[in-house]
Amino acid sequence: MPELPEVETIRRQLAPHLAGRTVLELEILDSRWTRPASPEEVESGLRGAVVEAVERSGKYLVWSLSGDRYLLMHLRMTGSLLFDPPLDPPHTRVRFQLDAGHRLVYVDPRRFGTGHLVHGREAREQYLAARLGVEPFTAEFTAQRLRKTASGRVAPVKAFLLDQRRVAGVGNIYADEALFRAGVHPLRPAGRLTAREWERLRAAIEQALLAGIEAKGASIDDFRHLDGARGSFQDRFLIHRRAGERCITCGRTVRKIIVGGRGTYVCERCQRRPRRLR
Ligand SMILES: [Zn+2]
């Protein structure tokens, strides 16, 4: 599933192609994409709109359009965007016809991705605020804020990091990478981390996300760039998907465990298991 670095990679590739372009025509081939709005409503709302900026909030791609309109796209499990593909690939769900003969195609085999059109900056902020917690790389993303949000929570810290309403943009890959970098076991109850651990973890989250952005995302599944190319972060994982290999720090064998239903990779020497679970 695309996480913050994958969505940011797409945003950086998309922005120069879309800025200043007009959406001449839009064809939504799958009504699930716009639910609960109808495809016709979104098609007519976007027709003729000029793209002013392409931004990102958590895992959402946010198109700012003329007339104070916003298209909020979420790629979910398997969504991807292709710019000027020679042919429509299988599982094409949406076609954007842009001016100057350009085309953008949204492809999504599993069909969980969504596209919502909202009117006005306030509606946009409400939509995102209801779904997203604190955003990495902003002034609000502090150890103090994270510790306060986690206060009293007994759920594992990894589950806390995956909850988009707590921390925006972190998914399974970057949670594992950040917890390893910070030396925090994924099963530690979120509310029990010390202030120092939260400071280490806050820094580690941003370091892991930055490494992912620099590698143009990870392509372990359907994630592809605008031109169909793959990201390379999967070749640079420190801990994720390395079960059975030696920890790069201490040499102990990396284990795979399940936390909150997700495959989780951990070095139990570098990341001490909480005592009650030993
Ligand atoms: Zn280790």
Side-chain angles (χ1 to χ4, degrees), residues 1-19 21-47 49 51 54 56 58-63 65 70-117 164 169 171-174 212-213 215-235 237 240-241 261-263:
M1 174 193 286
E3 305 180 30
L4 187 155
E6 288 73 36
V7 179
E8 179 61 20
T9 298
I10 291 291
R11 188 199 71 75
R12 290 180 183 191
Q13 295 179 347
L14 201 54
H17 288 301
L18 288 192
R21 291 253 168 269
T22 302
V23 179
L24 295 180
E25 198 52 66
L26 180 67
E27 275 181 279
I28 299 168
L29 309 171
D30 182 355
S31 65
R32 271 176 63 162
W33 193 64
T34 58
R35 240 166 27 191
S38 71
E40 295 74 27
E41 204 178 321
V42 177
E43 285 170 354
S44 65
L46 277 172
R47 200 171 290 133
V51 183
V54 183
R56 182 194 53 73
K59 302 180 193 172
Y60 284 89
L61 263 183
V62 180
W63 301 30
L65 301 152
Y70 302 89
L71 176 64
L72 302 154
M73 286 186 72
H74 200 301
L75 307 175
R76 298 286 168 200
M77 302 284 287
T78 56
S80 58
L81 286 159
L82 293 168
F83 191 76
D84 283 344
L87 296 165
D88 280 359
H91 311 295
T92 292
R93 305 291 176 205
V94 186
R95 293 192 200 106
F96 298 83
Q97 185 63 52
L98 308 168
D99 64 320
H102 291 295
R103 257 164 36 92
L104 182 71
V105 170
Y106 176 69
V107 178
D108 192 349
R110 294 191 62 185
R111 303 171 61 206
F112 290 119
T114 53
H116 289 291
L117 179 64
Q164 298 303 296
N172 205 35
I173 295 173
Y174 297 93
I213 292 169
K216 298 189 168 65
S219 292
I220 50 174
D221 44 30
D222 298 76
F223 173 70
R224 294 292 181 276
H225 297 165
L226 270 195
D227 59 0
R230 296 163 65 88
S232 65
F233 193 57
Q234 67 279 5
D235 303 327
F237 291 157
H240 190 69
R241 298 214 166 200
R262 308 296 300 274

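- Two residues are said to be in side-chain contact when any heavy atoms from C-beta on lie closer than 4.5 Å; Pro5 and Tyr174 meet this criterion.
- Of all heavy-atom pairs between Val105 and Pro89, the closest is CG1-CD, 4.0 Å.
- Expressed to the nearest 0.5 Å, how far CZ of Arg35 lies from NE2 of His116 amounts to 10.0 Å.
- Atom CZ of Arg262 and atom CD1 of Ile173 lie 9.5 Å apart (nearest 0.5 Å).
- For the residue pair Gln164 / Tyr60, no side-chain donor-acceptor distance below 3.5 Å is found, with atom types taken as modelled.
- For Leu82 against Gly228, the heavy-atom pair with the smallest separation is CD2-N, 3.7 Å.
- Inter-residue side-chain proximity for Arg95 and Leu29 is flagged as met; some heavy-atom pair is nearer than 4.5 Å.
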Full working for side chain to side chain contact (heavy atoms under 4.5 Å, CB included) between Tyr106 and Leu75: CA-CA 9 Å; Tyr106 176 69; Leu75 307 175; 3.6 Å; yes
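- For the atom pair NE2 (His74) and CG (Leu61), the distance works out to 9.5 Å, reported to the nearest 0.5 Å.
- Although no hydrogens or angles enter the test, the distance criterion places a donor-acceptor pair under 3.5 Å between the side chain of Ser219 and the main chain of Gly231.
- Between the side chain of His225 and the main chain of Gln13, no donor-acceptor pair closer than 3.5 Å is present.
- Of all heavy-atom pairs spanning Arg76 and Pro2, the tightest one is O-CD, 2.9 Å.
- Arg241 places none of its side-chain heavy atoms less than 4.5 Å from the side chain of Gln234.
- Of the candidates Arg47, Gln97, Arg103, Arg47 is the only one forming a side-chain hydrogen bond (donor to acceptor under 3.5 Å, both in side chains) with Glu25.
- Here the closest heavy-atom approach between residue Met73 and residue Trp63 is recorded as SD-NE1, 3.6 Å.
- Listed for the Glu6 side chain is a donor-acceptor partner under 3.5 Å among the backbone atoms of Ala218.
- Under the 4.5 Å side-chain criterion, counting only non-hydrogen atoms from C-beta, Asn172 is in contact with His240.
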Stepwise side chain to side chain contact (heavy atoms under 4.5 Å, CB included) check, Leu104 with Val94: CA-CA 8 Å; Leu104 182 71; Val94 186; over 6 Å; no
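- The aromatic rings of Phe96 and Trp33 sit perpendicular, their planes meeting at an angle over 60°, well past the 30° parallel limit.
- With values rounded to the nearest 0.5 angstrom, Phe237 atom CZ is found 5.0 Å from Ile220 atom CD1.
- Within the 4.5 Å cutoff, the side chain of Ser80 has no heavy atoms near those of the Asp222 side chain.
- Here Glu8 pairs with Arg11, Arg12, Arg56 under the salt bridge (charged side-chain N to carboxylate O under 4.0 Å, His left out) rule; sequence neighbours left out.
- A salt bridge does not link Asp235 to Arg230: none of the charged side-chain nitrogens sits closer than 4.0 Å to a carboxylate oxygen.
- Two residues are said to be in side-chain contact when any heavy atoms from C-beta on lie closer than 4.5 Å; His17 and Leu226 meet this criterion.
- Here the closest non-hydrogen pair linking Leu98 and Leu24 is O-CD1, 3.7 Å.
- Counting only residues at least two apart or in different chains, salt bridge (Lys or Arg N to Asp or Glu O under 4.0 Å) contacts with residues 77-86 are absent.
- Residues Asp30 and Asp108 fail the side-chain proximity criterion, which asks for heavy atoms closer than 4.5 Å.
- In plain terms, the two heavy atoms of Val23 and Leu46 that are nearest each other are CB-O, 3.7 Å.
- Judged by distance alone, with hydrogens and angles left aside, the side-chain atoms of Arg110 form no donor-acceptor pair with the main-chain N or O of Met77 at under 3.5 Å.
- Contact of the Phe223 side chain with the Ile10 side chain is registered, since non-hydrogen atoms from C-beta on lie closer than 4.5 Å.
- A donor-acceptor pair under 3.5 Å is formed between the side chain of Asp99 and the backbone N or O of Thr22.
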